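Working notes, structure below.
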Amino acid sequence: MKLSDSVTVLKGIGEKTAALMGKLNIRTIEDLLHAYPRNYDRYEETVNTADIKKPGMYAVAATVAKRPEVKVTARVKVVAAVIQDESGVLNAVWFNMPYLANTLKPGGRYIFRGRVVRKPQGLVMEHPAVLGFEEYGKLLHTMQPLYNLTAGLSNKIMCKAVARALEEFPVQKDYLPGWIREKEGLAEYNFALGSIHFPKDEKALLFARKRLVFDDFFLFILNLRLLRGTNERKENGFPVKPGKEASRLLKELPYELTGAQKETLGDILGDMGGKSVMSRLVQGDVGSGKTIVAVLALLSAVESGYQGALMAPTEVLARQHYESVTKLVEAHKICCRIVLLTGSMTAKEKRIVYEQIASHEADLVIGTHALIQEKVVYDCLGLVVTDEQHRFGVRQRETFSKKGGAPHVLVMSATPIPRTLAIILYGDLDISVMDELPARRLPIKNCVVDTSYRKNAWKFIEKETAAGRQAYVICPLVEESEVSDGENVVDYAKKLRSALPSSVRVEYLHGRMSGAEKERLMAAFAANEIQVLVSTTVIEVGVDVPNATVMMIENAERFGLAGLHQLRGRVGRGSDQSYCIFVNTTEEEEKNKRLEILNRSNDGFYIASEDLKLRGPGDMFGIRQSGLMEFSIGDIFTDADVLKEAAEAAEKVLSEDAALESEKYRTLREKIDLELLRRVDNTLVL
């Protein structure tokens, strides 16, 4: 068996199951082994019903008090039972399992294990598993993995597939040098891989996780340094002088730049006029005005006789940039020929644009990944700007920069990362921080509420849409899951359609949709053809809708603070007052404390720094930070210390062997060549 083999080589995995796994990007044995659990089901001692005071997962040893009732509604059959022990009683319900009404005999004694939720009538155990005492005894004190799933793919199937893959796949040689493992106290690779899926206990899980998190960061940083050649700075072949047209535009703007914008623009112009090629990251909070700074830099490059390119992560955003920049230069009578290039254009349209770029008939090219296709040849590319840079593969950006020889590179990020971590993650990029918001921006009004406020929030959304404005609703799940009780976009959209007037169009959006479908929905929302968009975090980057004034985030406690702040940044972009409603479904004090930080502050850098302080091992299975580099298991906030250790180890290795050519590092080099190329291009988007 090879890592590259299809999952269908495993017993019990047919074409149908393989197709379902494919929806989760699991196609090979390697994909399956790296599809780490999103959490673990911990089987703990039973508790008395009287001791259950708040929502959570519990197991009780109880007796069925009386014959269960079956209630039939238009959509679902509900079995309701009363279970009791010596301390008290508890209500339990099951959905679409009518046979339980006959299976659960009055007086029968079982272990009932399920999630307890708070209902108007009190605490209720929903859809509990019913187990015999011997059966539960075998599970007691174990940790069962819970995987990301899709409709039709059960957790049981995933567990069996992973177990078979681990059993049948041969032991892999550990590629990490022994001295690193010893120095950092890291597990052996095969042990870590097995224990992350099926840990013996909490200690083994944390030991395994640290090793895999370290690998995530260590291999990424190594590959990054090798790709970028951090020891070299190329000579500036495109010296840019401050342009008169750009200066005139700056004076004619209807607002004055903030101090941070002026300082950043000065940094950029200083770099582009210096001896070496610019490689700069502009890190600015949501709404800090990064785009106008980038446009002024691009116009300066154009005025110096070069071409400029601005690459956006989605076609909708690329088109928005194209339209706004075109409008700006036309309004101020600036000589700059702008073209748009996206993947959805016809072959004829692309051919015309290719000719304009190659002949320098086009000064400024705005588009998506289409800008780095092989057929695109630039005449004199002097400056490349990538918007929301964490969404682009490292290699894609390298390819882009090579198209113009060695153009200046400016990357922009709305994700506030503490400087110490940014220096590690962005290698040789110089960093400019824009930590001021323009005075004309109205601060977003925030509120943290519980689920009892939900209907009031829907009424508020109805009021805003009636006034012509729009709203986002964020859910953590795509569809209903057997292992998670969070809100999902599919069912939530149905509920909103029932709750809101028929004149309000509600649609849903998630990452499993095709690129074309996502683009279509985002374009429709941008055009106000859709008034309420129910989405997963996929909307964190992709479209600018100044008309959207409400952001409602369900199960907010499950997201990291930095991710929540990024989502909040989707509103507050227009002249109207905007609002963010965080729906908290937990009673855990620590998570409530974190949401309070968002409630009282709109400062992304403050929030990032607080997030860094508050996140710990207990958060390691929350939803990943939206908008950050999506490592396979690591999180730069939770695992900041491991990130620093990995960076130090990577620098030491490269100081010994800059190209990893020696026999000592041969296995490590093979690992990078075979595995990390896939991760950098597809997973670790930068």
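Quantities reported herein were computed from a predicted structural model and do not represent experimental measurements.
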Rounding to 0.5 Å, atoms CG (Asn148) and CD1 (Ile26) come to a distance of 8.0 Å

Flag, side chain of Arg669 to backbone of Leu660, donor-acceptor distance under 3.5 Å: no

Sequence neighbours excluded, the answer for salt bridge (charged side-chain N to carboxylate O under 4.0 Å, His left out) partners of Arg27 is none

Do you see a donor-acceptor pair shorter than 3.5 Å between the side chains of Ser514 and Glu517? no

Does some side-chain heavy atom of Tyr508 sit less than 4.5 Å from a side-chain heavy atom of Met513? yes

Aromatic rings Tyr36 and His34: how do their planes relate, parallel, tilted or perpendicular, breaks at 30° and 60°? perpendicular

Please determine whether side chain to side chain contact (heavy atoms under 4.5 Å, CB included) holds for the pair Leu317 and Met522, giving the CA-CA distance in whole Å, both sets of side-chain angles, and the decisive distance to 0.1 Å. CA-CA 9 Å; Leu317 199 53; Met522 287 193 288; over 6 Å; no

Output yes when a side-chain donor or acceptor of Arg570 lies under 3.5 Å from a complementary backbone atom of Val545, and no otherwise. no

Would you compute the distance between atom NZ of Lys241 and atom OG of Ser300 and round it to the nearest 0.5 angstrom? 13.0 Å

Has the side chain of Asp31 got a donor or acceptor atom that lies under 3.5 Å from a matching backbone atom of Thr28? yes

Hey, does Leu340 have a side-chain heavy atom less than 4.5 Å from the side chain of Arg319? yes

Salt bridge (charged side-chain N to carboxylate O under 4.0 Å, His left out) partners of Glu303, counting only residues at least two apart: none

Value for CE (Met551) from CD1 (Ile474), rounded to nearest 0.5 Å, stands at 4.5 Å

Begin from the C-alpha positions of Glu330 and Lys327 and carry the test salt bridge (charged side-chain N to carboxylate O under 4.0 Å, His left out) through to its verdict. CA-CA 5 Å; Glu330 288 177 352; Lys327 185 178 178 181; over 6 Å; no

Side chain to side chain contact (heavy atoms under 4.5 Å, CB included) assessment of Leu253 paired with Ile292: CA-CA 10 Å; Leu253 288 174; Ile292 187 61; 4.1 Å; yes

Within the 3.5 Å criterion, strictly below it, is a donor on Asp576 or Thr549 matched to an acceptor on the partner's side chain? no

So, does Asp363 use its side chain to make a donor-acceptor pair with the main chain of Cys336 at under 3.5 Å? no

Does some side-chain heavy atom of Ile221 sit less than 4.5 Å from a side-chain heavy atom of Leu643? yes

Side chain to side chain contact (heavy atoms under 4.5 Å, CB included) between Val376 and Leu371: does it pass, once the steps are laid out? CA-CA 7 Å; Val376 184; Leu371 300 186; 5.7 Å; no

Using side-chain heavy atoms (C-beta onward) and a distance below 4.5 Å, is Ile553 in contact with Cys580? yes

Please check if the number of heavy atoms outside Arg280 that lie under 6.0 Å from its CZ is greater than 12. yes

Taking the side chain as C-beta and beyond, is there a heavy-atom pair between Glu436 and Gln261 under 4.5 Å? no

Parallel, tilted or perpendicular: which describes the rings of Phe238 and Tyr306, with under 30° parallel and over 60° perpendicular? perpendicular

Does a sphere of radius 6.0 Å around CD in Glu263 hold more than 12 heavy atoms from other residues, nucleotides or ligands, not counting ones at 6.0 Å or beyond? no

Before you tell me yes or no, could you show the steps for Leu219 and Leu668 under side chain to side chain contact (heavy atoms under 4.5 Å, CB included), namely the whole-Å CA-CA distance, both residues' side-chain angles and the distance that decides it to 0.1 Å? CA-CA 9 Å; Leu219 294 173; Leu668 178 59; 3.8 Å; yes

Answer yes or no: is there a donor N or O on one side and an acceptor on the other, between the side chain of Gln470 and the main chain of Phe525, under 3.5 Å? yes

Indicate yes or no: at least one non-hydrogen side-chain atom of Val282 is less than 4.5 angstrom from one of Val293. no

When you compare the side chain of Leu654 with that of Leu222, does any pair of heavy atoms fall below 4.5 Å? yes

Side chain Glu315, main chain Glu519, donor-acceptor under 3.5 Å: no

Under a 3.5 Å distance rule, please check whether Asp639 uses its side chain to pair with a backbone N or O of Val642 as donor and acceptor. no

Do we see a donor-acceptor contact under 3.5 Å between the side chains of Asn236 and His408? yes

Are there over 12 heavy-atom neighbours, none belonging to Lys262, within less than 6.0 Å of that residue's NZ? yes

Go through it in stages, so that I can follow the logic: the residues are Asp267 and Thr264, the test is side-chain hydrogen bond (donor to acceptor under 3.5 Å, both in side chains), and I'd like the CA-CA distance, side-chain angles, deciding distance and then a yes or no. CA-CA 5 Å; Asp267 290 340; Thr264 299; 5.0 Å; no

Who pairs with Asn446 by side-chain hydrogen bond (donor to acceptor under 3.5 Å, both in side chains), at least two apart in sequence or on another chain? Arg568, Asn602

Checking side chain to side chain contact (heavy atoms under 4.5 Å, CB included) against Gln307, which of Ile357, Val302, Leu383, Leu298 comes through? Ile357

Got a donor-acceptor contact below 3.5 angstrom from the Thr326 side chain to the Tyr322 backbone? yes

